[in-house]
Amino acid sequence: MSELLKVENLCAGYGASNVLFDVNLTIREGEVATLLGRNGMGKSTLVKCLCGWLTPTAGRISFAGSEVAKAAPHVIGKLGLGLVPEGRQIFPSLTVRENLVATASTTNGKAWNLDRVVSFFPRLGERMSQLGGTLSGGEQQMLAIGRALMTNPRLLILDEATEGLAPLVRADIWRALGKLKAEKLAMLVIDKDLKALLPLADHHTGLEKGRVVITGNSVELQSQQERLHALIGV
């Protein structure tokens with residue numbers, strides 16, 4: 001599989017304070033990777049760099065064959081990076097249909113459209129005329145994922161996609177991500193549910209105080225459960 005995202009020796013921060021130190025991460029076409037770590041360890045800063053919201057102080061980011069460390073967010077988005085942000089951030093005053101159509105793109109093909117998103121999340125089809133802000137938390141998360149899929153991404157970043165959801169809804173979300181993996185959509189998943197992450201992901205990267213402290217595939221990390229739980233703070 002060819003490389004889709006390659007982060008090399010990335011450093012970044014805010015003002016005079018560095019948050020990330022020589023971070024390396026590679027995701028190939030069709031791979032699922034995780035980013036592990038407690039709050040405040042640099043995960044959100046890395047996501048901001050990947051999306052173009054924060055310019056690194058050093059290092060390189062290559063995505064879809066282009067150097068994007070200093071690229072604008074809309075340029076990176078057109079290359080095929082989709083984001084399901086922490087906190088969902090749907091448009092509460094728009095209907096479900098309007099939320100989905102607002103991000104529709106055919107830049108990277110026409111795989112995802114309204115009909116396909118509805119077939120993926122049937123509950124959204126029942127709520128098409130409902131305002132986003134009136135949906136349940138689980139429905140809002142499905143909408144956030146559907147909205148990101150409507151951009152037809154090559155790489156989908158999911159930032160705490162199951163946080164704060166009821167167990168049954170979390171299970172629905174993990175099943176959906178499993179289907180996306182089966183369709184060979186590359187993903188970077190940020191979450192703390194090791195029981196769900198280990199069977200889903202191809203490889204894992206753990207951050208502590210802005211540095212990569214653990215890497216490996218699920219088989220390699222199975223024997224390090226105690227360290228992993230300490231790393232994510234649960």
Side-chain angles (χ1 to χ4, degrees), residues 1-12 20 22-37 42-56 58-86 103-112 116-117 120 144-161 174 176-191 197-207 212 214-218 220-221:
M1 292 182 290
S2 60
E3 290 180 351
L4 180 58
L5 173 72
K6 190 173 184 65
V7 177
E8 299 177 275
N9 303 316
L10 194 74
C11 300
L20 297 178
D22 296 317
V23 171
N24 293 282
L25 172 68
T26 299
I27 302 176
R28 293 174 173 80
E29 296 276 4
E31 279 189 336
V32 177
T34 69
L35 189 60
L36 306 172
K43 304 188 304 297
S44 294
T45 299
L46 179 55
V47 170
K48 289 177 182 178
C49 291
L50 298 180
C51 293
W53 301 335
L54 180 66
T55 301
R60 299 181 60 194
I61 304 174
S62 175
F63 177 62
S66 298
E67 174 61 38
V68 297
K70 297 182 180 179
H74 72 276
V75 172
I76 300 173
K78 285 184 177 180
L79 288 172
L81 189 142
L83 174 67
V84 180
E86 184 177 10
T103 60
S105 170
T106 59
T107 301
N108 302 297
K110 299 181 180 180
W112 289 97
R116 190 163 181 220
V117 168
F120 204 71
I145 296 172
R147 183 181 60 180
L149 291 173
M150 287 288 287
T151 69
N152 278 289
R154 296 181 64 181
L155 172 64
L156 183 63
I157 300 176
L158 298 108
D159 194 352
E160 304 288 359
W174 288 119
L177 299 189
K179 292 179 182 178
L180 293 176
K181 179 181 180 178
E183 296 189 9
K184 304 298 184 183
L185 175 62
M187 292 183 281
L188 176 61
V189 184
I190 302 167
D191 208 285
L197 287 173
L198 287 175
L200 175 73
D202 297 295
H203 59 88
H204 312 267
T205 299
L207 291 181
V212 175
I214 190 169
T215 60
N217 60 40
S218 294
E220 293 167 339
L221 298 187

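Index from 1, following the sequence.
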* **Validation row: His204, Leu198 side chains within 4.5 angstrom (heavy atoms)** => yes

* Heavy-atom side-chain proximity of Leu81 to Val68 below 4.5 angstrom -> no

* Going by heavy atoms in the side chains, are Leu158 and Asp191 under 4.5 Å from each other? -> no

* Any side chain to side chain donor-acceptor pair (under 3.5 Å) pairs touching residues 60-71, not counting sequence neighbours? -> Arg60-Glu67

* Close side-chain approach of Val7 to Leu50, heavy-atom, < 4.5 Å -> yes

* Taking only residues two or more places apart in sequence or in another chain, which ones pass side-chain contact (heavy atoms from CB on, under 4.5 Å) with Lys181? -> Val32, Met187, Leu200, Asp202

* Value rounded to 0.5 Å, distance of NZ in Lys6 from CD1 in Ile61 -> 13.0 Å

* Structure fact -> In short, Thr45 meets Ala12 closest at the heavy-atom pair CG2-CB, 4.2 Å

* To do: Evaluate the side-chain proximity of Phe63 to Val75: yes if any heavy-atom separation is below 4.5 Å, no if none is.
  => no

* To do: May I ask you to test the His203-Glu220 pair for a side-chain heavy-atom distance under 4.5 Å?
  => no

* Asked: Hey, are the side chains of Glu8 and Asn24 touching, using non-hydrogen atoms and a 4.5 Å cut-off?
  -> yes

* Asked: At what distance, to the nearest 0.5 angstrom, does CD1 of Ile157 lie from CG of Leu188?
  -> 5.5 Å

* **For the student: nearest non-hydrogen atoms of Ile27 and Ala186, plus distance** => CG2-CB, 4.4 Å

* Measuring from Thr205:OG1 to Leu46:CG, what's the distance to the nearest 0.5 Å? -> 9.0 Å

* Atom pair CG/CG of Asn9 and Leu20 - distance to nearest 0.5 Å -> 12.5 Å

* Between Pro85 and Asp159, is any pair of side-chain heavy atoms under 4.5 Å apart? -> no

* Considering all heavy atoms of both residues, which atom of Gly82 and which atom of Pro153 are nearest to each other, and what is their separation? -> N-CB, 3.7 Å

* Mind checking the CH2-CG spacing from Trp174 to Leu197? Nearest 0.5 Å is all I need. => 4.0 Å

* Structure fact -> Separation between CG (Leu5) and OG1 (Thr26), nearest 0.5 Å, reads 7.5 Å

